[in-house]
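Each chain gets a letter, A, B and so on, in the order the sequences are listed, and its residues count up from 1. Values below: all heavy atoms of this structure, side chains included; hydrogens, waters and symmetry mates excluded. Only a predicted model underlies this, so the values are computations on that prediction, with no experimental measurement involved.
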Number of protein chains: 2
Amino acid sequence: MLWGLRPLEPKAAYGLAVDLLQRQIHSGLLLPQERLPAERQLSDKFGISRVTLREALRVLETNQYISVRRGAQGGAFVSDQDRLSQLARRRISRAPAASMRVVEYLVVNQTAAARFAARRRGPAELKKMREALALMRNADDAPRRKQAETLFLLAVADGAQNALLSRGVEDALAELFLPFETAPEAQSVAETVAVYQRLHDALDAENLDDVEGAMDVLNARLWGAIRRITRSAA
Amino acid sequence: MLWGLRPLEPKAAYGLAVDLLQRQIHSGLLLPQERLPAERQLSDKFGISRVTLREALRVLETNQYISVRRGAQGGAFVSDQDRLSQLARRRISRAPAASMRVVEYLVVNQTAAARFAARRRGPAELKKMREALALMRNADDAPRRKQAETLFLLAVADGAQNALLSRGVEDALAELFLPFETAPEAQSVAETVAVYQRLHDALDAENLDDVEGAMDVLNARLWGAIRRITRSAA
DNA sequence: TTTCATGGATCAGAAACTAAACCATTGCGG
DNA sequence: CCGCAATGGTTTAGTTTCTGATCCATGAAA
């Protein structure tokens with residue numbers, strides 16, 4: 001018997017572009033106020049026409065993810081930190097339970113990926129982790145720290161050499177859209193960096209116990225963050 | 001910075017229909033030789049035109065997933081058991097490593113889902129599991145047993161009340177496409193049913209230890225199955 | 001043999017997308 | 001101050017995909 005017959009929902013090309021850009025903003029890969037490539041270049045990269053790309057930009061602008069300015073030095077700019085944090089909080093408080101489930105999924109797949117990565121990570125992934133660590137140390141604001149964390153976690157996921165797990169982690173990070181940390185204390189930041197460093201070292205040394213220990217700390221911090229937000233929103 | 005800029009790949013409507021039907025054949029929900037609904041009805045359910053649906057059927061026919069017959073009592077019929085098993089083996093032996101990774105992903109998410117389900121499963125999911133068990137007991141051939149197993153596992157995944165985990169399990173089951181068991185011994189079949197029964201009982205009783213025990217057995221059987229296939233293919 | 005539910009084929013029109021041009025705005029260097 | 005050059009904004013003609021409808025062809029069952 002055929003199961004779950006529901007109308008198909010073909011995604012228009014402009015919708016795919018919206019999703020891709022939105023996901024990168026959610027996961028922090030695109031920084032606040034960052035300028036996107038010119039329309040002609042972006043549409044080229046995406047393999048879609050400029051008209052279609054512009055539809056996508058219009059949607060993102062409407063949803064306050066970007067703003068578009070004309071003229072030389074114009075272009076599409078990611079919204080600023082406060083606006084994005086506001087969007088993130090709104091998204092979470094609209095459906096707090098859903099965000100908890102995303103964290104659940106992220107923790108499950110991220111932890112599994114890290115365990116596999118302890119055996120399978122290659123030099124390329126370790127290098128990406130070190131680069132992310134360097135970014136994290138040099139970062140002087142919350143967005144750059146978030147970006148570096150995302151890059152680190154994606155590198156760990158890639159280390160598992162399992163495309164489905166990588167996609168799962170990527171999806172979860174894109175779905176989450178946590179607001180930027182407020183009032184970052186120097187000590188807390190240093191502690192976070194230390195945990196990622198510990199995870200890198202454990203993966204480098206193929207020390208499974210330490211990998212799990214570091215992941216437990218990261219997962220606990222993640223749960224703490226999401227709980228803090230859902231509480232303050234209530 | 002923008003990361004991973006690649007050409008977008010808009011999926012045409014007919015492609016979505018192909019995927020949906022192919023996935024249900026892979027996971028065993030659609031039985032061999034089963035007749036699909038008439039084109040006019042199917043296109044209606046999918047919310048696409050009949051012409052577009054027919055494109056999808058043509059693709060599936062080309063790939064030997066179905067065959068189409070004309071006339072009264074005609075229609076699109078899922079290929080027979082041997083043909084499907086052949087397709088499945090071919091798919092696995094083309095990329096054995098990929099199939100192992102799918103199993104990995106399935107085990108990770110299925111196990112996590114079962115753990116959550118131990119606390120969250122509702123009466124609806126328990127009922128679906130019992131119905132699947134009944135199907136499994138009454139099944140007198142491999143396809144029906146596979147169908148019942150899939151239905152049971154999907155019910156467990158739903159019990160976790162986490163849409164992302166459910167989707168992960170569903171994706172993995174659809175991606176796997178295991179051939180039907182050959183030479184089924186009555187004892188082995190009875191043992192399998194017993195394990196699913198044990199999993200149901202454990203979920204019903206919220207007995208987490210027993211849930212994990214049953215899942216371990218199921219996961220081990222899954223690993224055994226995929227290893228047996230990849231070996232015989234080599 | 002007739003019936004009729006089914007797949008097969010065709011066509012006009014709608015919707016999405018493309019390619020290419022041209023216009024409007026604006027910062028920057030001369 | 002002006003004009004260049006890079007950018008977004010707009011228009012148009014044409015292609016591709018999908019739709020909705022109609023009619024034809026087949027073949028099992030009554």
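Contact annotation for Gly15(B): no contact, since no heavy-atom pair falls under 4.0 Å across all strands. Arg69(A) comes within 4.0 angstrom of the backbone, heavy atoms only, and of no base. Ala12(B) comes within 4.0 angstrom of the backbone, heavy atoms only, and of no base. Note on Ile48(B): only backbone sugar-phosphate atoms sit closer than 4.0 angstrom, heavy atoms only; bases stay farther off.
Ion pairing of Arg23(B) with Asp171(B) is present here, as a side-chain N (NZ or NE/NH1/NH2) and a carboxylate O approach within less than 4.0 Å.
The side chain of Gln73(A) lies closest to dC28(C) when the candidates are dC28(C), dT25(C), dA21(C). Comparing dG9(D), dT11(D), dA28(D) by their closest approach to the side chain of Val68(A) singles out dG9(D). For Val51(A), the listed nucleotide lying nearest its side chain is dT11(D); candidates were dT11(D), dG27(D), dC18(D). When each of dG9(D), dC17(C), dC18(D) is scored by its nearest atom to the side-chain atoms of Tyr14(A), the top-ranked nucleotide is dC17(C). The side chain of Ala72(B) has dC4(C) as its nearest neighbour among dT19(D), dC4(C), dG7(C). In this structure, of dA9(C), dT10(D), dC17(C), it is dC17(C) that holds the atom nearest to the side chain of Thr52(A).
Taking atom CD of residue Glu55(A) and atom P of nucleotide dG8(D), one finds them 16 Å apart after rounding to whole Å. One can place NZ of Lys11(A) at 17 Å from P of dC18(D), the figure rounded to the nearest angstrom. In this structure, CZ of Arg54(B) is placed 14 Å from P of dT6(C), rounded to the nearest angstrom. One atom, CG of Leu60(B), and another, P of dG7(C), lie 14 Å apart when rounded to the nearest Å. Arg40(A) places its CZ atom 10 Å from the C1' atom of dA21(C), with the value rounded to the nearest Å. Distance Arg70(B) CZ to dA28(D) P: 12 Å, rounded to the nearest Å. To the nearest angstrom, P of dG8(D) lies 9 Å from CG of Leu42(A).
Residue pairs meeting the salt bridge (charged side-chain N to carboxylate O under 4.0 Å, His left out) criterion with at least one member in residues 135-164 of chain A, sequence neighbours excluded, are Lys128(A)-Asp158(A), Asp141(A)-Arg144(A), Arg145(A)-Glu181(A). Sorted by first and then second residue, the side chain to side chain donor-acceptor pair (under 3.5 Å) pairs involving residues 65-82 of chain B (not counting sequence neighbours) are Gln22(B)-Tyr65(B), His26(B)-Tyr65(B).
With hydrogens and angles left out, the side chain of Arg50(B) and the base of dG8(C) share a donor-acceptor pair within 3.5 Å.
Atom CZ of Phe152(B) sits in a crowded spot, with more than 12 heavy atoms from other residues, nucleotides or ligands closer than 6.0 Å.
Using modelled atom types, one side-chain atom of Ser85(A) and one backbone atom of Phe180(A) make a donor-acceptor pair closer than 3.5 Å.
In the helix from dT1(C)-dA30(D) to dG30(C)-dC1(D), the end axes, each obtained as the rotation axis mapping the C1' atoms of four pairs onto the next four within a five-pair block, lie 0° apart to the nearest 10 degrees.
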